[in-house]
Amino acid sequence: MRSTFALFAAASLLVACNPDPDGDGLTNDEEAEFGTDPNDPDSDGDGLDDKDERTVGSDPNNPDTDGDGWTDREEIDLVTNPLNKFDWDFGSDRWPDFTHSAGDIADADTYQMGEVFPDFTYEDQFGNEVSLHQFYDYVILLDLSAGWCGPCQTVAQTANDEWKDFRRDGFLIVHLMLADWTNDVPDEDFLEEWSEEFDLDFPVLGEMDGEVSDALFDANIYEGSIPFVLLLDKDMTIDSRYTGSSPAQTEAIRTRIEDLL
């Protein structure tokens with residue numbers, strides 16, 4: 001009978017001679033080059049084998065290569081780009097969160113043109129709490145609107161199409177609703193109705209306390225008329241402002257978005 005030591009030695013020799021012990025299609029030398037685990041076919045645990053990650057170009061040591069909140073495997077299944085943080089599941093009830101990239105802008109507390117827009121947090125159309133600064137590195141069109149406002153409804157009719165043109169380039173629309181259809185406080189039911197009425201896939205938030213619009217008014221940025229639009233650049237700096245819904249203004253906003261992108 002062969003000794004236990006002999007059996008162990010034979011097994012060790014077999015492993016040593018196996019160029020791909022985890023069966024992921026990468027040799028030990030390739031795993032060493034990529035810094036992946038040669039004994040685990042899915043080093044980062046995202047559901048994609050290391051070789052598959054190398055094939056698509058994602059990071060086999062990071063389950064969410066682009067940092068948008070969707071794992072690389074989720075992005076492959078959804079046919080979105082795991083290498084582009086601006087390409088995610090647009091039809092879901094989740095939003096990306098890049099707060100970790102925002103640095104010290106959380107300290108912003110004044111409303112001035114050319115300055116960082118202070119953060120705020122409100123509930124969206126899905127009942128989730130959403131903060132403005134989680135969309136850091138986007139060019140953001142912040143639209144102050146209300147359900148009862150006819151011109152606001154006109155703008156909303158084409159808003160989603162406007163967003164689709166640039167959303168994979170780092171553009172986002174956020175509707176901040178100041179009131180519902182009857183000028184009452186916008187609750188979750190209204191936010192859902194607004195997004196469904198105009199087929200909106202971007203965040204629709206309800207200003208429950210008037211804090212942001214009042215602060216903008218006090219800073220002489222917002223005069224009280226709606227729809228009112230602010231464009232924020234990728235650093236959350238207030239770039240420009242617009243009031244109304246004329247075709248000429250719509251074109252001016254679009255041109256400025258292209259410049260900022």
Side-chain angles (χ1 to χ4, degrees), residues 90 95 111-115 117-125 130-132 135 138-167 170-233 236-261:
F90 300 123
W95 315 112
Y111 294 82
Q112 297 293 333
M113 299 298 297
E115 299 292 335
F117 197 102
D119 197 14
F120 61 74
T121 300
Y122 291 114
E123 285 193 358
D124 68 5
Q125 64 265 48
V130 176
S131 68
L132 179 68
F135 303 121
Y138 272 93
V139 170
I140 297 175
L141 186 156
L142 181 62
D143 184 337
L144 276 62
S145 291
W148 55 263
C149 167
C152 299
Q153 296 176 25
T154 299
V155 170
Q157 289 173 1
T158 58
N160 217 63
D161 289 337
E162 296 285 343
W163 179 47
K164 286 179 179 179
D165 287 345
F166 302 112
R167 62 188 182 185
F171 171 61
L172 182 69
I173 296 176
V174 176
H175 274 187
L176 183 60
M177 307 306 297
L178 310 185
D180 67 7
W181 309 111
T182 58
N183 204 26
D184 288 328
V185 174
D187 58 17
E188 184 183 336
D189 288 341
F190 164 70
L191 299 177
E192 184 178 2
E193 291 170 4
W194 180 265
S195 61
E196 290 181 352
E197 174 71 20
F198 301 107
D199 196 23
L200 307 179
D201 290 331
F202 51 73
V204 178
L205 311 182
E207 188 192 53
M208 310 301 291
D209 51 14
E211 180 178 350
V212 174
S213 54
D214 286 350
L216 289 170
F217 186 85
D218 292 342
N220 295 318
I221 293 177
Y222 169 53
E223 298 178 351
S225 299
I226 52 176
F228 175 73
V229 167
L230 284 173
L231 281 183
L232 312 180
D233 69 15
M236 288 288 171
T237 298
I238 304 175
D239 174 81
S240 49
R241 57 185 173 178
Y242 309 85
T243 302
S245 58
S246 70
Q249 180 165 275
T250 299
E251 186 58 33
I253 293 173
R254 184 181 180 90
T255 298
R256 188 58 187 153
I257 290 169
E258 291 176 337
D259 291 342
L260 292 174
L261 289 174

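Here the structure is a predicted model, which means the values were calculated and not measured.
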remark   = Between the CD atom in E258 and the CD1 atom in I253, the distance rounded to the nearest 0.5 Å is 12.5 Å
ask   = If every non-hydrogen atom of W95 is compared with every non-hydrogen atom of F135, which pair is closest and at what distance?
value = CB-CE2, 3.7 Å
key: L142 vs F117, side-chain contact (heavy atoms from CB on, under 4.5 Å): CA-CA, chis, key distance, verdict   = CA-CA 11 Å; L142 181 62; F117 197 102; 3.9 Å; yes
query = Looking only at heavy atoms, what is the nearest atom pair of L172 and P203, with distance?
reply = CD1-CD, 3.9 Å
Which atom pairs, donor and acceptor, lie under 3.5 Å between side-chain atoms of residues 208-216 and protein residues at least two apart or in another chain?
from : atom 1 : to   : atom 2 : distance (Å)
D209 : OD1    : Y122 : OH     : 2.6
D209 : OD1    : E211 : N      : 3.1
S213 : OG     : E207 : OE1    : 2.9
S213 : OG     : E207 : OE2    : 3.1
S213 : OG     : G210 : O      : 3.4

Kindly list each side-chain donor-acceptor pair under 3.5 angstrom involving residues 220-232, sequence neighbours excluded, with atom names and distances?
from : atom 1 : to   : atom 2 : distance (Å)
Y222 : OH     : G224 : O      : 3.2

Distance in Å, Q153 CD paired with E197 CD, rounded so as to fall on 0.5 Å steps = 7.5 Å
task = Test side-chain contact (heavy atoms from CB on, under 4.5 Å) on R254 and D165 and set out the steps.
result = CA-CA 10 Å; R254 184 181 180 90; D165 287 345; 3.0 Å; yes
side-chain contact (heavy atoms from CB on, under 4.5 Å) between F202 and K164, intermediate numbers included = CA-CA 10 Å; F202 51 73; K164 286 179 179 179; over 6 Å; no
task = Find the distance between CD (E123) and CG (L191) and round it off to the nearest 0.5 Å.
result = 8.5 Å
ask   = Going from CH2 on W194 to CE on M177, what distance comes out if it is rounded to the nearest 0.5 angstrom?
value = 4.0 Å
task = Give a yes or no on whether the backbone of T243 and the side-chain of Q249 come within a donor-acceptor separation of less than 3.5 Å.
result = yes
T154 side, atom OG1; F198 side, atom CZ - distance, nearest 0.5 Å = 8.0 Å
message = For a side-chain contact (heavy atoms from CB on, under 4.5 Å) check, start with the C-alpha distance between V174 and Y138, then their side-chain angles and the critical distance, and finish with the verdict.
response = CA-CA 11 Å; V174 176; Y138 272 93; over 6 Å; no
ask   = Restricting to pairs with a member in residues 176-187, which pass side chain to side chain donor-acceptor pair (under 3.5 Å), not counting sequence neighbours?
value = W148-N183, D180-T182, W181-E193, T182-D184
